[in-house]
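Since the structure comes first, as structure tokens, the remarks are kept for the end.
Bear in mind the structure is a predicted one, so any value in this text is a computation, not a measurement.
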Amino acid sequence: MPQPAGTGNLSSNPLFVNAAGDFHLQPASPCIDAGDPASPLDPDGTRTDMGAFYFDQAGTPAPVEITLTPISPPLVIPAAGGAFQFDAQLLNQSGQTQTFNAWIRWRYPN
């Protein structure tokens, strides 16, 4: 990442939630874990972040969007049960490698 004049300065977008007033960092922010390594760790135990607010990485869900689309809609599953096929699309919105497990189960109201 290019650094402008001055030690520790970044020239890339910090990815604030809203630069007009909410200076919390988004998950793909280059400011996460980019603070002074001599500073105390953030409350989540990671290297300090740059900015007014630290990004809490403890228990933060991975920013992965999952979309399931039935192959032959409409789905009709008999009372005795059945199976159907669908396409799954997983979109990683973080810009970083994500590792996760997905278990899919749903129940119709009736």
Mark yes or no for whether Thr48, through its side chain, and Gly35, through its backbone, hold a donor-acceptor pair below 3.5 Å.
no
Counting distance only, does the side-chain N/O of Asp36 pair as donor-acceptor with the main-chain N or O of Ala38 below 3.5 Å?
yes
As an exercise, state the distance from OG of Ser39 to CG of Asp42, rounded to the nearest 0.5 Å.
9.0 Å
What distance do Phe55 atom CZ and Thr46 atom OG1 have between them, rounded to the nearest 0.5 Å?
9.5 Å
Residues passing the ring pair (Phe, Tyr, Trp, His ring centres under 6.0 Å) test with Tyr54, sequence neighbours excluded, are none
With hydrophobic residues grouped by side-chain heavy-atom distances under 4.5 Å, do Val17 and Phe53 end up in a single group?
no
Among residues two or more places apart or on two chains, list those pairs meeting side-chain hydrogen bond (donor to acceptor under 3.5 Å, both in side chains) that have a residue in residues 16-27.
Asp22-His24
I want to check something: taking the side chain as every heavy atom from C-beta on, are Pro14 and Met50 in contact at a cut-off of under 4.5 Å?
no
Do any side-chain atoms of residues 67-91 form donor-acceptor pairs under 3.5 angstrom with protein atoms, and if so which ones, sequence neighbours left out?
none

Looking only at the side chains, is there a donor atom on one of Asp33 and Gln57 sitting less than 3.5 Å from an acceptor on the other?
yes
Closest non-hydrogen atom pair, Cys31 against Leu25
CB-CD1, 3.9 Å
Can you give me the closest heavy-atom contact between Phe23 and Phe16, atom names plus distance?
O-CD2, 3.4 Å
